[in-house]
Amino acid sequence: MRPERYNAKEAEPKWRKVWNDRDLFRTRNDDPRPKYYVLEMFPYPSGRIHMGHVRNYTMGDVVARYMRAKGFNVLHPMGWDAFGMPAENAAMQNKVHPKEWTYQNIATMRGQLQSMGLAIDWSREIATCDPAYYRHQQRMFLDFLEAGLVDRKTAKVNWDPVDHTVLANEQVIDGRGWRSGALVEQRELTQWFLKITDFAEDLNAKLNTLDRWPEKVRLMQRNWIGRSEGLLVRFALRPETTPAGETELEIYTTRPDTLFGAKFMAVAPDHPLASAAAENNPELAAFIEECKRIGTAQEAIEKAEKLGFDTGIRAVHPFDPNWTLPVYVANFILMEYGTGAIFGCPAHDQRDLDFVNKYGLGNTPVVCPPDQDPQAFVITDTAYDGDGRMINSRFLDGKTIQDAKEEVAHRLESETRDGRPVGERKVNFRLRDWGISRQRYWGCPIPIIHCDACGVVPVPKDQLPVVLPEDVTFDVPGNPLDRHATWKHVDCPTCGGKARRETDTMDTFVDSSWYFARFTDPTLTDEPTDRATVDRWLPVDQYIGGIEHAILHLLYSRFFTRAMKETGHAGLDEPFAGLFTQGMVVHETYRDQSGAWVLPADVRFETEGATRKGFHVTTGAPVEIGSIEKMSKSKKNTVDPDEIIGSYGADTARWFMLSDSPPERDVIWTEEGVQGAGRFVQRVWRLVGEIADRSASAGNGATADGSIGTVIRKAAHKALAAVEEDVERLRFNRCVAQIYELANNLQDLLGQAKTSDEPGLAEAFREAGRIFVQLLAPMMPHLAEEAWQALGQPGLAADTAWPEVARSLLVENAITLPVQVNGKKRADVTVARDADQAAIEAAVLSLDAVQKAMEGKPVRKVIVVPQRIVNVVA
RNA sequence: GCGGACGUGGCGAAACUGGUAGACGCAAGAGACUUAAAAUCUCUCGGGCCUUGCCCGUGCGGGUUCGAUCCCCGCCGUCCGCACCA
């Protein structure tokens, strides 16, 4: 007997067990079918999953299940981005070991994810904190080192003097450490770098090939890489104005065309020429100190006034030995970019203009806009950076900007001083090398040994992995590895003398830069990857995750894949062929009268007409309903996936996550919305029951044209075709709408068919029911199995091939076209599908409504858009 | 400041990128069933009017077109990214 109501609590675990027992979602590397790799960004094991995870993993699961049904060998794995600071913070606060904390969280979250009914191959699960994973990362670090892709150099870092650690930029708030509150210092530290800049050109160029990435992400990466084409120019310095040992100043410019508009030179406060000039100039030295001090507070830089200090040094214009330019030290010049020195052309650069207006250096426009009179064109407060023709520029006058750039480059390239050309074309990038050293415990150890005699010595590969010691304490600030009694003391692999291990660990972005490759063969022990396997699976066909990783994670992964290619661990450049960035889950916020945040679960609502009021469930006090914001613990506007799955079932949660909003946009979590999804689950159950009954009773036979049976079949196949298209374009909200529509249609048709005994009706319902359940299956997999069984279908819905669309059913013999008169809809006309223009015109013009709307005016034109619309122009 | 995206009913949204604006869902209202509630089912649901039908309506103002949510120009608003990168 079929129960009245569908009981998700019983059915869901039952079907998961069936899938599990049959090992349904295990993926074999030797499966000959075409591959499809779908991956969602793996989670950080923070403790419990949140609704954002539910949304992300549901989307990936729909794709995985759909492609499986389509006959692909689908790889859909899951793992844990398991290293990172929260584990150490937990260790400090709760006296629990990071490893224990992490693995407990993993166990909890694995259970939660499994309760969602995801079609994941759990046998491939990996955790980045597992030595079985990070040993390969250490191996690749050494391979990169051999290949020249690793650098060790000093770099400025944000140093927290209380916590004794380096902070990432986003961990510095108002110049203070986010945890300690201490004033952050800029320190020069020796750090390990991965040479991502070696690939800057390629990382930029290949963005154009990523046509299944959001344009927004490509643009963000393009800006981040910041490619620019320009010219290096060596300016001679007047010896009598210049400290001993300095003879020239090399600058970088993207506007060599504006050289005749130059008014000054400027160097960064930490430029060698600035230091040299400051040696005998205490005032300048003080100015430089001041710049460096301001430089530490990130916020201040943005608002800071442009300040400069004339060094007294004079540079010679490259095209006129009698023209000299003052050399300033300026606070807005960055040592890290270009050569740390510029020439200033105030008329065509706003920063330079602000600078000269402050110091009274004047300006000369050298580019005249097309609509301006060159004689009258002046610049006062706003620099002109648009197009135009050269003026006031001697041999460049009259040329376009592009031609002038070319001319200057050409002349300076061919001119030499001290045996080197004065000018040199140079492509510059904003992108910097990737500093991966972190003074932390819970990360992948950098496999290096420091020996006083031999210097920096790599750990021999046969001694990998360098395993984190477990007996560590977190009661004092600083890196536990550094103060561990024995761990760092080792013998030098080269000379055998006393040496020290590197105590820095790797940035956790390294861990996530290759996990997608490891999933292709995660149990391999000798190598990070198997070349044949990794090359067959990669690239990931569809990657799904949050927009917050648009730059760092995705750029690092693109770099890492290239580095793996160079060291023989993979054979391709781009790891992710398709990328989709999903929106956040947002929710209303609630506050009580004291202004404290209130959990949604603690609010009871009353509606009077259009107004909605909230009250606290226990105290009954009124609760103010606030703005809709990203779910966050601090604002307490969170909903726990466990509770939702517990009360409604996983399918309801999945369905609601997919309905309503387009997947790239934020979705608002509402109690009403979930209830609606839950109602639909029950409605599907009743509908399937009725279809089962109706299709069991009557006999078989062919459906006649125009019969109810044909209408049923058309409805089913139309929905099938639409859902196929929408899943493939990840437009899940439209899939949901299509399925609702089919449900509405089938319900309607069941009513119409009640008294009919036309032949073929039972078979038509059987087919439609089957298709209906198959459309549901990727989204609500548990319900689909239960329904599949109720329909008496063999096997499992999750293991059944996707149905074929019967295209012939989608073609209508008679089509109804809207009829417009002068662009306004006045009537409909039904004509044969293949009716010609003349027939349609005649039919349209004979319509009463058309005649009336024409108001007796003559027909000027009839526009017939085939299969679309007819417009009569009076 | 620079770059990008987006503005459609009470709400989330559709509209095959130039062809019937508002599919589908949520909320709301009316009714049926019920002793009652829940559940379910039926109907209404952009605004207005002289309601068999007509007029207005996709942030605002123009333009192109037989026809514009869609293309072009100018505003207004919201959100996001970058921010002295020479």
Side-chain angles (χ1 to χ4, degrees), chain A residues 4-5 214-217 219-224 226-228 230-231 251-255 258 266 301-304 306 330-334 336-345 348-352 354-355 385 428-432 547-548 550-551 607-612 628 655-656 659-662 664-668 670-677 679-680 682-683 686 722 725 731 733-744 747 751 816-828 849 852-853 860-874:
Chain A
E4 262 320 92
R5 283 181 68 79
E215 186 51 43
K216 181 186 171 71
V217 174
L219 188 72
M220 282 166 74
Q221 292 213 355
R222 202 169 282 126
N223 290 340
W224 187 263
R227 184 184 191 276
S228 70
L231 199 65
I251 59 97
Y252 177 72
T253 180
T254 56
R255 293 297 302 271
T258 64
I301 299 173
E302 295 165 17
K303 301 259 152 62
K306 287 172 182 47
N331 65 346
F332 63 99
I333 307 301
L334 304 174
E336 293 83 3
Y337 187 80
T339 62
I342 60 145
F343 82 83
C345 174
H348 306 289
D349 183 297
Q350 192 61 46
R351 293 159 301 179
D352 297 347
D354 294 345
F355 190 79
D385 61 0
N428 229 324
F429 296 94
R430 211 186 73 110
L431 184 69
R432 312 279 160 76
I547 185 75
E548 66 273 20
I551 297 174
T607 43
E608 283 177 32
T611 56
R612 221 164 119 257
I628 295 169
W655 183 254
F656 180 53
S659 59
D660 275 0
S661 290
E664 69 278 6
R665 240 181 271 180
D666 290 350
V667 65
I668 304 171
T670 62
E671 190 59 28
E672 293 78 14
V674 192
Q675 283 170 2
R679 273 199 300 273
F680 184 64
Q682 295 302 334
R683 204 179 139 207
R686 288 192 302 271
E725 198 188 320
R731 307 203 310 192
N733 58 321
R734 283 173 39 120
C735 294
V736 167
Q738 291 294 344
I739 291 170
Y740 269 117
E741 205 168 333
L742 178 58
N744 292 345
Q747 198 149 28
T816 300
L817 296 175
V819 178
Q820 295 181 334
V821 177
N822 291 329
K824 285 190 173 148
K825 199 209 160 190
R826 297 294 175 188
D828 290 302
K852 193 177 157 208
R860 281 206 289 150
K861 198 155 65 161
V862 179
I863 294 156
V864 178
V865 183
Q867 316 291 314
R868 269 281 135 84
I869 201 166
V870 183
N871 192 8
V872 182
V873 186

Interatomic distance at [atom1], [N] relative to [M], whole Å:
{"N": "B:C73", "M": "B:A68", "atom1": "C1'", "result": "15 Å"}
{"N": "B:C49", "M": "B:C70", "atom1": "C1'", "result": "30 Å"}
{"N": "B:A14", "M": "B:A30", "atom1": "P", "result": "31 Å"}
{"N": "B:G67", "M": "B:U20", "atom1": "P", "result": "15 Å"}
{"N": "B:A5", "M": "B:C43", "atom1": "C1'", "result": "41 Å"}
{"N": "B:C56", "M": "B:U40", "atom1": "C1'", "result": "39 Å"}
{"N": "B:C72", "M": "B:U65", "atom1": "P", "result": "16 Å"}
{"N": "B:G74", "M": "B:C2", "atom1": "P", "result": "14 Å"}

For the pair made of [atom1] in [X] and [atom2] in [N], what is the distance, rounded to whole Å?
{"X": "A:Ile333", "N": "B:C84", "atom1": "CD1", "atom2": "P", "answer": "11 Å"}
{"X": "A:Lys216", "N": "B:G4", "atom1": "NZ", "atom2": "P", "answer": "12 Å"}
{"X": "A:Lys861", "N": "B:G67", "atom1": "NZ", "atom2": "P", "answer": "9 Å"}
{"X": "A:Leu742", "N": "B:A23", "atom1": "CG", "atom2": "P", "answer": "18 Å"}
{"X": "A:Met220", "N": "B:A83", "atom1": "CE", "atom2": "P", "answer": "11 Å"}
{"X": "A:Gln820", "N": "B:C66", "atom1": "CD", "atom2": "P", "answer": "13 Å"}
{"X": "A:Ile869", "N": "B:A15", "atom1": "CD1", "atom2": "C1'", "answer": "13 Å"}
{"X": "A:Asn744", "N": "B:C24", "atom1": "CG", "atom2": "P", "answer": "7 Å"}

Nucleotide forming a Watson-Crick or wobble pair with [N], both distances under 3.5 Å:
{"N": "B:G7", "result": "B:C76"}
{"N": "B:C49", "result": "B:G53"}
{"N": "B:U65", "result": "none"}
{"N": "B:U34", "result": "none"}

Answer syn or anti for B:G57, where the cut-off is 90° from 0 on the glycosidic torsion.
anti

Checking all strands, does [X] fall into the base, sugar-phosphate, or nothing category for heavy-atom contacts under 4.0 angstrom?
{"X": "A:Thr670", "value": "nothing"}
{"X": "A:Ser659", "value": "nothing"}
{"X": "A:Asp349", "value": "nothing"}
{"X": "A:Arg860", "value": "nothing"}

Within 45° of the ring axis of A:Phe332 and under 6.0 Å from its six-membered ring centre, is that where the NZ or CZ of A:Lys306 lies?
yes

What nucleotide among [options] has an atom nearest to a side-chain atom of [X]?
{"X": "A:Arg868", "options": "B:G12, B:C84, B:C16", "value": "B:C16"}
{"X": "A:Arg430", "options": "B:A23, B:C41, B:C82", "value": "B:C82"}
{"X": "A:Val873", "options": "B:C66, B:A23, B:U40", "value": "B:C66"}
{"X": "A:Arg731", "options": "B:A15, B:C55, B:G19", "value": "B:A15"}
{"X": "A:Glu672", "options": "B:G12, B:G19, B:C26", "value": "B:C26"}
{"X": "A:Leu219", "options": "B:C80, B:G3, B:A23", "value": "B:G3"}
{"X": "A:Pro662", "options": "B:G12, B:A14, B:A23", "value": "B:A14"}
{"X": "A:Ser661", "options": "B:A13, B:C26, B:C84", "value": "B:A13"}
{"X": "A:Lys824", "options": "B:A83, B:C56, B:G19", "value": "B:C56"}

Answer yes or no: is there a side-chain heavy-atom contact under 4.5 Å between [X] and [Y]?
{"X": "A:Trp655", "Y": "A:Ile739", "value": "yes"}
{"X": "A:Val872", "Y": "A:Arg826", "value": "no"}
{"X": "A:Ser659", "Y": "A:Phe680", "value": "no"}

Identify the heavy atoms of [X] and [Y] that sit nearest to each other, and give their distance.
{"X": "A:Val862", "Y": "A:Val870", "result": "CG1-CG1, 3.9 Å"}
{"X": "A:Arg868", "Y": "A:Pro818", "result": "O-CD, 3.2 Å"}
{"X": "A:Gly340", "Y": "A:Ile333", "result": "O-CG2, 3.4 Å"}
{"X": "A:Arg255", "Y": "A:His348", "result": "NH1-O, 4.4 Å"}

Within less than 4.0 Å of OP1 or OP2 of [N], is there a side-chain N or O belonging to [X]?
{"X": "A:Arg826", "N": "B:C54", "value": "yes"}
{"X": "A:Tyr337", "N": "B:A86", "value": "yes"}
{"X": "A:Asn733", "N": "B:A14", "value": "yes"}

Check: B:C79 base within 3.5 Å donor-acceptor of A:Arg665 side chain:
no

Please tell me which of A:Arg5 and A:Leu334 maps to the more 5' nucleotide of RNA chain B, matching each residue to the nucleotide holding its nearest heavy atom.
A:Arg5

RNA chain B nearest-nucleotide lookup for A:Gly673 and A:Ile551: closer to the 5′ end is A:Gly673

